[in-house]
Amino acid sequence: MASNRCTFWAIWALGMLPVLLAVAVYTTGVGIPNEQVNTGRLLQPAVPLQQWGGQADRFTRHWSLLLVHRSGCDHGCLRQEERLKRIHDALGRDADRFRVRMEASDALAPGVWVVDPLGNLVLHYGQAYEGKAVLTDLRRLLKASRLG
């Protein structure tokens, strides 16, 4: 009878160990990473469509990669647009969820902006962005999102 009781408590303790570890991690924060995994600048809170001046018919119902430049689009601007189109093509089967747009704006900083299907600005990349990093962020974003 004593061996059955010891076996019961041993199994019970093994079952409770993960629960106790989870409570310890939750309360102390030890083991939870503080850094971000995205390379773009995440906008918290997201900037709504009305605030940044986008057109609802162009930036809703799908994700958008928005290339913002100043008044005139030069050769460098066209190269950046071509690079964004290659990133779009590299998305593969998820490419139909994204649109690549180019716009001249003084209200937004130059670079690449990611616009969600509700028209909110969610990520920003400067003009010197790395294509692979943007592609990795977009894949992670589409995997986590049910929108668009």
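Atoms considered below: every heavy atom in the structure, side chains included; atoms not considered: hydrogens, waters and symmetry mates. Note that this is a predicted model, so its numbers are computed, not measured.
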Study note, to complete from the structure: Sequence neighbours excluded, the answer for side-chain contact (heavy atoms from CB on, under 4.5 Å) partners of H69 is C73, C77, M102, A104
Study note, to complete from the structure: Sequence neighbours excluded, the answer for side-chain hydrogen bond (donor to acceptor under 3.5 Å, both in side chains) partners of R58 is E103
Check your understanding: So, S64 side chain and L66 main chain: donor-acceptor pair closer than 3.5 Å or not?
Key -> no
Check your understanding: Do the side chains of F98 and L84 get nearer than 4.5 Å, heavy atoms only?
Key -> no
Report, one line per pair, each donor and acceptor closer than 3.5 Å where one atom sits in a side chain of residues 111-123; sequence neighbours left out.
residue	atom	partner	partner atom	Å
W113	NE1	A109	O	2.9
D116	OD1	L118	N	3.0
D116	OD1	G119	N	3.0
D116	OD1	N120	N	2.8
D116	OD2	N120	ND2	3.3

Point to revise | Hydrophobic cluster identity match, Y125 and L42, side-chain contacts under 4.5 Å | key: yes
Review point. Are the side chains of L141 and W63 in touch, meaning some heavy atoms are under 4.5 Å apart?
Key: yes
**Study point:** Co-membership, hydrophobic cluster, residues V134 and L43, 4.5 Å side-chain
**Key:** no
Review point. Checking T60 side chain against D57 main chain: does a donor-acceptor pair fall under 3.5 Å?
Key: no
Study note, to complete from the structure: Looking only at heavy atoms, the pair that brings P110 and Q127 closest together is CB-NE2, 3.2 Å
Please tabulate, one pair per line, all N/O donor-acceptor pairs under 3.5 Å involving side-chain atoms of residues 6-20, not counting sequence neighbours.
residue	atom	partner	partner atom	Å
T7	OG1	S3	O	2.8

Point to revise | Interatomic distance, L67 atom CG to R83 atom CZ [nearest 0.5 angstrom] | key: 9.5 Å
Exercise for review: Using the salt bridge (Lys or Arg N to Asp or Glu O under 4.0 Å) rule, collect all pairs that involve residues 124-140, keeping only residues at least two apart or in two chains.
Suggested key: D137-R140
Review point. Between OG1 of T136 and CG of L138, what distance do you get to the nearest 0.5 Å?
Key: 8.5 Å
